[in-house]
Amino acid sequence: MNGLINRSIQCFLRDGWGVAVWDDAARAAGVPSQGFEPLLPYPAEVTERLLSAAAARLNRDSACLLEDLGTYIVSHPARAAVRRLLRFGGSDFRDFLHSLEDLPARARLALPDLVLPSLRLRQEGADDFRLEIGPGRPGLAEVTLGLLRAMADDYGALVTLGLDRVAPDGGAEVAIHLLDDAHGAGRAFTLGRVE
Amino acid sequence: MTGGVWIGAPALARLMPMHLVLDGAAVIRSCGPTLRRLLERGDPGARDPVGRAFSDLFVLRHGPAQVAVADLLAGQGRLYIDGRGQGDLAFRGIAVPAMEGVLINLSFGIGVVEAVQRHALTEADFAPTDLTVELLYLYEAKTAVLEELRALNDRLQGDKVVAEEQALTDPLTGLRNRRALDLALERVARGVAVVHLDLDRFKQVNDALGHAAGDHVLAEVGRRLLAASRRDDLVARIGGDEFVLLMPGMDRAEVALPRVEAILAAVLAPMDWQGIGLSVGASAGMILSTIDPDLTGAALLARADAALYAAKRAGRGQVRLWTPDLWPMGEEG
């Protein structure tokens, strides 16, 4: 389901930096400027080309760019559906962390073609967790880091996050330290869509 | 009963947040917290459901007005229950014997999505084993995917319309093309005039001034033909300097001929190309389909073509109506 990922990158560049940046990155990556269809498949290397073109155009470290992408997916108003689907994972951030192990199965339920690497959560202390990301999708660990940061905000939790042991095959670990479950008000979430 | 379990009320409430326990007289003895909230929401200021008769608060579909324990246990205890006076509360349920009475567990059934929205239920209202939250998740995921699909379909449909339009359009003049004409000829209406028109001095312009001048002439002729045609007419460029007009509703030569003459006059008017005055002029052959209703579109076009050559031979700049004498004996087109 590269279309969905490519489309997210397209919207992220367009919404975050403007149409001109998207157009430049698309041209440099050799993809059409009208972009991607979220439900169509594309070759995997297109995603890589697009990301390196975007990083070069914005003169940014690609890890930072991926992390921002993760934050964007959750927090931008245009991507409200993703944020809501993630919020179904739990009633607070701690709950949400435990639900991450189900995330690949949940993603498959929504879109059978969307294959995510396995996710395992290890609790190492009362407020310390490690999320083990399985191999298969290089770059996903950085995206996950940004996504967790934004989800913590969404739940009103205060956390510190760190990325460890990033392997070339995409495997990695995210260290999560939960400082405060209810630091802020967070954003409202109701099961029925009446927000 | 062989064996059994005793379960305390708080534990039962956690296990089944939408349960009812009725005694032998069908009076409510215990009510799960989610069900209690739903009842109170529909009727603020209502009395505690515990201690009230089941039939005061609920209606058993296909059951009597005053429900007894035996009614609930009939049909293996499968139940459809509505809130009494609360039309938006509809449940599926199962009743099992418990002590002298009955234990009922309720769920929303297929109406769960609307129920959760209407009653602002939260995850805490459901037992963790209840798949309602997963169902809501799926519903929302499905909705998001459908929206994407619909958007994709809209974009594809838009592209299709553009592609079809392009496939039927002559890019140089913006007129219809040969393909569009062939499609129109397949379902040619009764009483149509088919006019085949050919420029008289196009080759000279092209040879003397080059292709750019030729293209300019063709585009200008296209504009003039469109300007002189009616809304329902089809104007096509079918190649080189050849044009075809289909004019529906033309069944009389004395009406059609002056119209074609006016069109030829419009084409003949001088045109300017880079300061050079050009006049190409045109000849036309025409046939009215009323002459023989059995002729196909292709046969009409072939006869209009024969009439065009007669017009050219007769000195150009004129329109010739097809007559049977233009058709050599035995030849079919």
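Given the structure is predicted, the values throughout are model-derived calculations rather than measurements. Letters go in sequence order (proteins before strands), and every chain restarts at 1.
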Less than 4.0 Å between a side-chain N and a carboxylate O, is that true for A:Arg106 and B:Glu134? yes

Output the distance between atom CG (B:Leu136) and atom CG (A:Leu85), rounded to the nearest 0.5 Å. 11.0 Å

Just wondering, are more than 12 heavy atoms of other shown residues or ligands nearer than 6.0 Å to CD in B:Gln76? no

Residue from B:His119, B:Glu148, B:Lys142 scoring the most non-hydrogen pairs under 4.5 Å with chain A is B:Glu148

List the atom of B:Glu123, the atom of A:Ser91, and the distance in Å for their closest heavy-atom pair. OE1-N, 3.2 Å

Which atoms form the tightest heavy-atom contact between B:Tyr137 and A:Ala107, and what is the distance? OH-N, 3.7 Å

With a cut-off of 6.0 Å (strictly less than), are more than 12 heavy atoms of other residues, nucleotides or ligands near CZ of B:Arg61? yes

For B:Ile94, does the CD1 atom sit with more than 12 other heavy atoms under 6.0 Å from it, leaving out its own atoms? yes

Minimum-distance pair of heavy atoms, taken over all atoms of B:Val145 and A:Leu39: O-CD1, 4.0 Å

So, the part of B:Leu138 with a heavy atom under 4.5 Å from chain A: the answer is side chain

Give a yes or no on whether A:Arg94 atom CZ has more than 12 heavy-atom contacts from other residues, nucleotides or ligands under 6.0 Å away. yes

Find out whether A:Gln34 and B:Arg155 are in side-chain contact, i.e. whether some heavy atom of one side chain is under 4.5 Å from a heavy atom of the other. no

